[in-house]
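Remarks on the structure that follows.
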Amino acid sequence: MSFEPRIVGFLCNWCSYTGADLAGTARMHYPPNVTSIRVMCSGRVDPAFILDAFRRGADGVLICGCHPGDCHYIEGNYKCMRRMPLTQLLLQQLGIDRNRMRLEWVSASEGGRFQEVITEFTEQIRALGPLKLHDYNFDPNAEEVHQHV
Amino acid sequence: MSKPKLAIYWASSCGGCDISILDIEEKILAVVDFFDLVFWPCAMDIKYDDVRAMEDKSITLTLFNGAIRTSENYELAELLRQKSVVLVAFGSCAGEGCIPALANFFNKDSILDYVYHKSPSLANGGGVEPQPEVQVPEGTITIPKFWNTVRSLDQVVEVDYYIPGCPPQSDQIVNAVMAVIDILQNNKPLPPKGTVLGATDKSCCDECPRERNIKKIKAFTRPFAKVTDPNLCLMEQGIVCLGPATRSGCGAKCVKAGMPCRGCYGLPSNINDQGAKMVSALASVIDSTDPEEIEQIINTIPDPLGTFYRFSMAGSLLRRVQV
Ligand code: FES
């Protein structure tokens, strides 16, 4: 079977989630690979959410918020804007391609843009392939584990 | 009545935890007075077979320091779990991997390759590599197997309590051990499983005496590259300090001495990853709303991975680098 990326999308309630709704009500087609999680603001996305998503099997993580200057909480998206490049740097050092994570600004009226972002990001993750975490779980039956001393 | 039994073990560790136990000074007398010390490889001559011969659950308290990196560490973790009523992950290595877990930035093959073939200080003419088993005229000798990934103690056996720190501060060890003695002596109920002893639930910043204002950072720098104001928050002066992502209980010793917190007391209970928390903390002090400038400021942070996860790689969300 061909690889279908699993993507977690954190969408801010006031812009991007509404933008996604608009794409839906306008019957725009986009790949079904994104599981949307509504957050109140892109500033609510703790970098730990992103690491946790990868840990639990996501191949990509998308964060969408209001355009800079438009955040419902004034500067939540600036917080997000400062966190994301550092998170990407950390991911890169952790051996996870930084392009598996993306931050985009999508307003409530940009249903079309939402469609584009999802389509493009899904293709990008498809090209990167599945993310497999090596040696995450401890396997008490592994060969290296046992040796009496 | 016979005394309760105490065991102390070191797995992958530097020995500092054992020293820190001796650092409780004359209180050690109260400890050996109350407990019968049955196993402590660092301080007494005793064999693993002696431990194997003990009855299950016959050791009241085991302080286990060191990470799990070899089959020997694992074997002893299982053995001591089986023989002990209360197993404590003592120190940062047993708790979340600590310095040994920096090996999780690499894998087994690259580590062995570097250490036995590439290291500049090496004299290994024959290119010898350690083998888990070797035949000699007297028979077969074995050494423990080296794992690909360093684990914390609770990733391989059940752990009852944690005492954090690299090493745990002696006053906190005294508090924790005296609390255990009090519980046993007076038949008090044990604290719930998983309790962190000898530390608080807040972050290191809570104990830090430095003054905090609004932080506006345009560049980060290493501690030696700058003369810092002794009364001001180090983050505010552009020094990466792990205080916000680290449990308090050490008395904020490093920051009081002018060095940033390096994170050895591990995670406070409301945080699940030191690196992620540090990303948030640093992002909130960066003074810019321009993506390009933000990128530039971020690039001045020296080695984010090694700095944020110096003590907690094995216990972090992703546990290791993907290599
Ligand atoms: S409310 Fe949309 S980014 Fe803050």
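None of these values were measured; they are calculated from a predicted model.
With hydrogens and angles ignored, the 3.5 Å screen pairs a side-chain donor or acceptor of A:Glu144 with a backbone N or O of B:Asn148. Looking only at distances, a side-chain donor or acceptor of A:Arg82 sits under 3.5 Å from a matching main-chain atom of B:Ser288.
Among the candidates B:Asp303, B:Ile271, B:Thr289, B:Asn299, the residue making the largest number of heavy-atom pairs closer than 4.5 Å to chain A is B:Thr289. The candidate with the highest count of non-hydrogen atom pairs below 4.5 Å against chain B, out of A:Val145, A:Asn77, A:Leu51, is A:Val145. For the set B:Gly306, B:Ala283, B:Pro291, B:Gly275, the count of heavy-atom pairs under 4.5 angstrom toward chain A peaks at B:Ala283.
Of all non-hydrogen atoms in A:Leu94 and B:Arg320, the two that sit nearest each other are CD2-O, 4.2 Å. The shortest heavy-atom contact between B:Ile294 and A:Met81 is CD1-SD, 3.7 Å. Here the shortest heavy-atom pairing between B:Ala276 and A:Asp46 reads CB-OD1, 4.3 Å. Across B:Val279 and A:Arg83, no two heavy atoms sit closer than the pair CG1-O, 3.5 Å. Of all the heavy atoms in A:Gly95 and B:Val321, the pair that sits closest is N-CG1, 4.0 Å.
By the neighbour-count criterion of 12 heavy atoms within 6.0 Å, atom CZ of B:Arg212 is densely surrounded, having more than that number from other residues, nucleotides or ligands. Counted within 6.0 Å of OH on A:Tyr73, heavy atoms from surrounding residues, nucleotides or ligands total more than 12; the atom is thus considered enclosed. Heavy atoms from other residues, nucleotides or ligands lying under 6.0 Å from CD1 of B:Ile111 number more than 12. In A:Lys79, the NZ atom is not crowded: 12 or fewer heavy atoms of neighbouring residues, nucleotides or ligands sit closer than 6.0 Å. Counting non-hydrogen atoms of neighbouring residues, nucleotides and ligands closer than 6.0 angstrom, the CZ atom of A:Arg6 reaches no more than 12 such neighbours.
In this structure, B:Arg319 forms a cation-pi arrangement with A:Tyr136, its terminal cationic atom sitting closer than 6.0 Å to the ring centre and no more than 45° off the ring axis.
Of the two parts of A:Pro68, neither the backbone nor the side chain holds a non-hydrogen atom closer than 4.5 Å to a non-hydrogen atom of chain B. For B:Phe146, the part sitting under 4.5 Å from any heavy atom of chain A is the backbone (N, CA, C, O) and nothing else. When heavy atoms are compared at a cutoff of 4.5 Å, B:Val156 approaches chain A by way of both its backbone and its side chain.
Across A:Asp97, A:Leu133, A:Leu91, A:Asp135, a single residue satisfies side-chain contact (heavy atoms from CB on, under 4.5 Å) together with B:Gln322, and that is A:Leu133.
For the atom pair A:Arg55 CZ and B:Leu317 CG, the distance stands at 5.5 Å (nearest 0.5 Å).
Listed by sequence position, the residues of residues 29-38 of chain A in contact with chain B number zero, using a 4.5 angstrom heavy-atom cutoff.
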